[in-house]
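Predicted model only: the values in this text are computed from it and were never measured. Chain identifiers are assigned alphabetically (A, B, ...) following the order of the sequence lines, protein sequences preceding nucleic acid strands; residue numbering begins at 1 within each chain.
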Amino acid sequence: MRLHHVGFVVASIDQSIPGFERGLGLRWQGVVFDDPTQRVRVTFLGEPDTPQVELVEPSGPESPVRSFLAKGGGLHHLCYEADDLETELQRLRAAGGIVVQTPVPAVAFGGRRIAWAYTRQRLLVEYLQRQVTA
Amino acid sequence: MSTSVLDTVRRIASDVLDLPFTQVTDQTSPGTAANWDSVQHLNLVLAVEQAFGVTFEPEELDQMKNIGEVAALVERKRREAL
């Protein structure tokens with residue numbers, strides 16, 4: 001597995017980008033994705049071949065990050081790129097973690113599948129399939 | 001519903017959500033408990049799984065709208081395991 005990005009929840013992507021570019025010295029990749037499945041808007045800063053920062057903005061009142069944002073937002077999750085999501089979820093389950101969402105395609109990753117899990121160590125983890133699956 | 005299961009879930013929720021036990025009822029929900037956000041929901045699920053030795057499916061996490069429904073799911077899981 002490889003660390004793909006760190007998710008950071010913000011109230012407004014548009015208003016947050018300049019501060020992240022200045023504060024971290026990262027380049028904004030220039031695209032904002034609206035993901036109706038996850039009910040968020042996301043964008044990325046940093047170089048694609050290194051771990052990036054993902055800004056996550058709720059896209060409606062039912063967004064799963066809405067309550068997290070209400071408490072201030074901030075660091076939210078780690079995303080690991082993996083060859084086989086099912087294998088990673090089975091391993092996490094065996095270690096006592098929770099599968100929060102089974103694999104679904106994600107618009108922000110060109111249709112590659114993502115899954116969500118929560119570890120016994122109280123860490124929210126997103127898994128990203130390394131390759132697009134047929 | 002079993003009082004012991006409900007009371008155990010109430011006690012777990014009291015610890016996770018940092019609420020007095022007496023304030024946690026079967027109707028306590030994210031709408032009534034300020035601390036019950038999406039992350040604390042997962043902490044509650046983890047603690048309930050550990051306490052009862054049950055495993056919840058992803059779609060069941062969304063069915064836990066209040067403490068009573070969490071307890072009801074635990075009871076159903078335990079019946080299915082018999």
Engaged part of A/R66 at the chain B interface, taking heavy atoms whose separation is under 4.5 Å: neither

Part of A/S63 within contact of chain B (heavy atom distance under 4.5 Å): neither

Within 45° of the axis and under 6.0 Å from the centre of the six-membered ring of A/F33, does NZ or CZ of A/R41 qualify? no

Heavy-atom contact with chain A under 4.5 Å, split by part of [X]:
{"X": "B/E60", "result": "neither"}
{"X": "B/E59", "result": "neither"}
{"X": "B/L46", "result": "both"}

Any heavy-atom pair between the side chains of A/L92 and A/T119 that's under 4.5 Å? yes

Check: A/Q129/A/E81 side-chain N/O donor and acceptor closer than 3.5 Å: no

Same cluster or not: A/F109 versus A/L55, using hydrophobic residues (I, L, V, M, F, W, Y) connected whenever any side-chain heavy atoms lie under 4.5 Å apart? no

So, applying side chain to side chain contact (heavy atoms under 4.5 Å, CB included) with A/Q52, which one of A/E47, A/R27, A/H5 is it? A/H5

